[in-house]
Amino acid sequence: MSEEQSNPDTESAQPSANAEKHGFQAEVKQLLQLMIHSMYSNKEVFARELISNASDALDTLRFEGLKDDSLFEGDSELQIWIDQDKDGRTVSISDNGIGMTRDQVMERIGTIAKSGTRAFLDSLSGDEKKDAKLIGQFGVGFYSAFIVADQVVVDTRRGGESTGVRWISDGGGEYTLEEIDKPQRGTTVTLHLREGEEEFTEPHRMRHLVKTYSDHIAFPIKMREQLSEEDEQEGKEAGWEQVNRGAPLWAEPKSKLSDEDYAEFYKHTCNDFEDPLTWTHNKVEGSQEYTNLLYIPKRAPFDLFDPNGKAHGVKLYVQRVFIMDDADKLMPRYLRFVKGVIDSNDLPLNVSRELLQNNRLLDKIRSGSVKKVLGLIESMAKDEEEPEKFKTFSNEFGTVLKEGIVEDYENQARIAKLLRFKTTTDESADPGVSLDTYIERMAEGQDKVYYITADTLAEAKHSPHLEIFKKKGIEVLLLTDRVDEWVMAHMTEYEGKEFSSVAKGALDLGEAETEEEKEQQKKLEEESSNLVERIKEALGDRVNEVRVTHRLTDSPACLVADEHGMSAHLERILKEAGQEMPNSAPHLEINPTHPLVEKLADEQGEDEFNSFSQMLFEQAVLAEGGELEDPATFVRRMNQMLLAVSRGAA
């Protein structure tokens with residue numbers, strides 16, 4: 001649409017006789033009803049979302065036009081227009097972007113191509129204002145038009161196509177589609193406003209919304225000139241004037257930008273309803289030139305751990321031309337929560353995904369950007385004036401950051417320093433204890449960093465494996481994230497201190513154990529050798545080995561995995577994920593000084609001894625969160641023992 005042309009004629013919102021009727025997908029119906037009847041507390045969100053969609057269409061055309069110049073159809077001046085009609089009570093938002101075909105209209109508006117709508121509906125809190133602001137984050141922005149409109153008309157034609165498409169709906173269960181003659185490439189969305197929404201036909205109202213939400217859109221947003229009374233009396237026709245700043249924010253000097261500028265740009269670009277937690281803005285010059293503006297959000301996105309979800313939020317620009325918004329070479333997966341833009345002056349404009357896979361320049365840009373993000377997180381960790389920022393970051397993204405231990409060996413030490421853990425000393429610490437703090441307060445003679453993995457904090461802190469550590473005042477890391485097993489397999493030491501699982505291998509407390517205690521342990525093992533052999537014979541291939549423990553002070557027995565083998569916790573995780581696991585027998589460690597084990601040692605009846613041994617083993621399985629293969633038999637043995645005890649007491 002040139003500036004001399006007016007908007008396409010959208011006064012008539014009646015479908016023609018040839019229009020086809022279609023029903024909305026069930027989730028879209030539910031969403032539309034929500035928009036129409038519930039979300040009035042933040043009605044102006046529709047302007048932000050529709051302008052953002054128009055900007056995306058222009059970006060897409062500019063990118064696709066690099067390969068196919070004919071898509072521009074001789075009109076390469078990309079713009080957005082907002083037109084208002086007080087008498088007709090309509091607002092139109094138009095662009096000369098890529099446009100849509102009939103199939104694309106049905107896919108993007110009539111059905112759900114992604115999981116955004118379902119996830120949006122599942123995430124609603126009941127707070128109208130907060131829920132309305134979620135709209136863009138979940139990719140359902142178009143439907144916000146029905147908050148203020150009782151009918152929406154979309155006229156669109158994709159560049160290179162001969163005919164256009166008109167889509168009409170009143171937000172009920174149906175919409176109509178028909179072919180139209182549309183000379184101008186692009187899309188016009190016309191909102192027929194509800195009674196009481198006339199405020200959006202006032203020029204100053206829409207100009208305010210553009211300034212608030214869309215000032216940094218990289219394309220001109222134009223509205224009708226505001227004529228003086230004298231000009232109106234003379235019958236002067238209002239032309240178009242640009243109402244937004246129109247320059248990409250990242251290209252402007254930091255000295256000219258306020259925190260509010262950065263926050264509004266983030267909310268527009270990243271479809272978030274909250275201000276970012278923090279950001280970094282850098283211009284790199286020298287052998288390579290690029291600018292990055294990278295944000296860390298306050299809240300984790302709904303699909304942060306979805307393996308099929310969108311992994312990256314950094315958009316790639318080349319010489320201010322948008323190239324792609326999910327370039328996985330720009331940021332490693334463990335930093336997938338980072339949002340923002342990277343603009344290179346050196347990459348070719350026709351860069352493709354294939355070229356990105358083996359581009360040394362992009363590798364350098366990625367490496368530099370990762371260092372900036374880690375530096376940003378380090379600054380938050382050291383900030384004593386605003387400690388809540390790092391606390392928020394750790395609670396929202398600490399689990400994802402752990403993945404970097406495995407994925408990014410070059411920065412492993414920096415990442416490890418930023419991780420925080422619950423411990424037996426500080427199980428309520430929020431966000432947790434750093435490895436540096438742990439090492440500073442190691443017990444005398446301790447030379448290892450001890451940890452335990454479990455499904456929950458309660459399971460970890462009540463594990464029998466911790467008993468000797470509590471007795472000696474040795475702090476143990478309590479690891480309860482599912483990723484922890486994977487991480488600890490790759491993080492073998494920190495600052496020269498080796499990591500050691502309290503549930504794997506023969507326990508070595510080093511100098512934290514006195515010579516007298518070691519002699520006492522050796523004597524106990526010799527005295528219990530006969531008992532150990534009897535229990536091993538009773539359990540057969542259910543155990544790899546039976547041995548005397550020095551981990552336990554209060555419990556009769558526990559299970560221990562091989563030092564370099566798979567822990568029972570990891571085995572359970574993999575089985576839950578559907579992986580076939582070979583049957584691996586654990587080691588059973590017994591505490592000969594426990595009354596139950598002493599009772600077992602005195603048992604002369606072979607059947608009773610075998611039954612008691614089986615129950616001791618199964619009790620140890622349950623204590624570490626495992627599942628019994630035959631719970632009914634365990635219950636029967638337990639009942640028999642309770643009956644025997646009750647008879648003895650009688």
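Residues: numbered from 1 along the sequence shown.
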Polar side-chain atom of Arg185 near backbone of Gly99 as donor-acceptor pair, under 3.5 Å: no
Val152 and Thr190: CA distance, side-chain angles, deciding distance, side-chain contact (heavy atoms from CB on, under 4.5 Å) verdict: CA-CA 6 Å; Val152 177; Thr190 301; over 6 Å; no
Backbone N/O of Ala149 and side chain of Arg194: donor-acceptor pair under 3.5 Å: yes
Enclosure of Lys298 NZ (heavy-atom neighbours >12, cutoff 6.0 Å): yes
Donor-acceptor contact present, side-chain Glu396 to main-chain Ala300, <3.5 Å: yes
Nearest heavy atoms of Lys21 and Thr176, plus distance in Å: CG-CG2, 3.9 Å
Thr187 side chain reached by Arg157 side chain, heavy atoms, under 4.5 Å: no
Separation between CD of Glu285 and CG of Asn345, rounded to the nearest 0.5 Å: 9.0 Å
Side chains of Leu191 and Leu50 in contact at under 4.5 Å (non-hydrogen atoms): yes
Shortest non-hydrogen separation from Ile80 to Ile51 and the atoms involved: CD1-O, 4.1 Å
Any side-chain heavy-atom pair of Leu293 and Tyr262 under 4.5 Å: yes
Asp363 bridged to Arg366 by N-O distance under 4.0 Å: no
pair Val243-His208: side-chain heavy atoms closer than 4.5 Å: no
Flag for Asp275-Tyr266: side-chain donor and acceptor within less than 3.5 Å: no
Side chain to side chain donor-acceptor pair (under 3.5 Å) partner of Ser369, chosen from Asn282, Thr280, Asn292: Asn292
Spatial distance of atom CH2 (Trp167) from atom CZ (Arg108) [nearest 0.5 Å]: 14.5 Å
Close side-chain approach of Ser94 and Asp83, heavy atoms under 4.5 Å: no
Steps toward salt bridge (Lys or Arg N to Asp or Glu O under 4.0 Å) verdict (Asp155, Arg166): CA-CA 5 Å; Asp155 287 354; Arg166 175 168 291 172; 2.8 Å; yes
side-chain contact (heavy atoms from CB on, under 4.5 Å) between Leu304 and Phe337, worked out: CA-CA 7 Å; Leu304 185 65; Phe337 53 84; 4.3 Å; yes
Within 6.0 angstrom of Glu229 CD, more than 12 heavy atoms from elsewhere: no
Full working for salt bridge (Lys or Arg N to Asp or Glu O under 4.0 Å) between Glu202 and Lys86: CA-CA 8 Å; Glu202 297 292 338; Lys86 280 189 180 182; 3.2 Å; yes
Donor-acceptor pair between Lys364 and Gln288 side chains, under 3.5 angstrom: no
Heavy-atom donor-acceptor pair, Glu407 side chain to Tyr334 backbone, under 3.5 Å: yes
Sub-6.0 Å ring centroid separation between Phe46 and Phe142: no
Thr291 and Asp343 side chains, donor-acceptor separation under 3.5 Å: no
Test side chain to side chain donor-acceptor pair (under 3.5 Å) applied to Glu178 - qualifying residues, sequence neighbours left out: Ser16
Polar contact flag, side-chain donor to acceptor under 3.5 angstrom, Ser55-Asn53: no
Side-chain heavy-atom pair Arg224, Trp240 within 4.5 angstrom cut-off: yes
Side chain Thr60, main chain Asp56, donor-acceptor under 3.5 Å: yes
Heavy-atom side-chain proximity of Ile377 to Phe393 below 4.5 angstrom: yes
Arg207/Glu241 under salt bridge (Lys or Arg N to Asp or Glu O under 4.0 Å): CA gap, chis, key distance, verdict: CA-CA 11 Å; Arg207 285 170 182 255; Glu241 63 179 357; 2.6 Å; yes
Atom pair NZ (Lys283) and CH2 (Trp250), whose distance is rounded to the nearest 0.5 Å: 13.0 Å
Approximate separation, where rounding is to 0.5 Å, of Ile296 CD1 and Thr278 OG1: 6.5 Å
Note: Arg245-Asp261 ion pair, threshold 4.0 Å (strictly below): yes
Pair Lys236-Glu225, salt bridge (Lys or Arg N to Asp or Glu O under 4.0 Å): steps then yes or no: CA-CA 11 Å; Lys236 184 177 178 182; Glu225 292 176 328; 5.2 Å; no
Heavy atoms from other residues, nucleotides or ligands near CD of Glu232 exceed 12 (cutoff 6.0 Å): yes
Polar side-chain atom of Asp85 near backbone of Asp87 as donor-acceptor pair, under 3.5 Å: yes
Where Pro332 and Val370 come nearest, the two heavy atoms and their spacing: CD-CG2, 3.3 Å
Lys267 bridged to Glu264 by N-O distance under 4.0 Å: yes
Considering all heavy atoms, the nearest Arg48-Asp272 contact: NH1-O, 4.3 Å
Atom of Val318, atom of Leu347 and distance for their closest heavy-atom approach: CG1-O, 3.1 Å
Between CD on residue Gln84 and CZ on residue Phe200, distance to nearest 0.5 Å: 10.5 Å
Asn244 (side chain) donor-acceptor with Ile217 (main chain) under 3.5 angstrom: yes
Pairwise distance CD1(Ile98) to CD(Glu64) - rounded to 0.5 angstrom: 4.5 Å
Glu179/Arg102 salt bridge by N-O under 4.0 Å criterion: no
Counterpart residues, side-chain contact (heavy atoms from CB on, under 4.5 Å), relative to Asp68 (two or more places apart): Ser70, Leu71
Electrostatic pair Glu197:Lys43 at N-O distance under 4.0 angstrom: yes
Side-chain ion pair, Arg336 and Glu403, N-O less than 4.0 Å: yes
Stepwise side-chain contact (heavy atoms from CB on, under 4.5 Å) test for Leu177 and Val165: CA-CA 7 Å; Leu177 274 181; Val165 182; 3.6 Å; yes
Stepwise side-chain contact (heavy atoms from CB on, under 4.5 Å) test for Val105 and Val154: CA-CA 9 Å; Val105 170; Val154 179; 5.7 Å; no
Atom of Glu73, atom of Gly160 and distance for their closest heavy-atom approach: OE2-N, 2.9 Å
Check: Thr188 and Ile93 side chains under 4.5 Å, non-hydrogen atoms: no
Donor-acceptor contact below 3.5 Å, side chain Ser169 vs main chain Glu174: yes
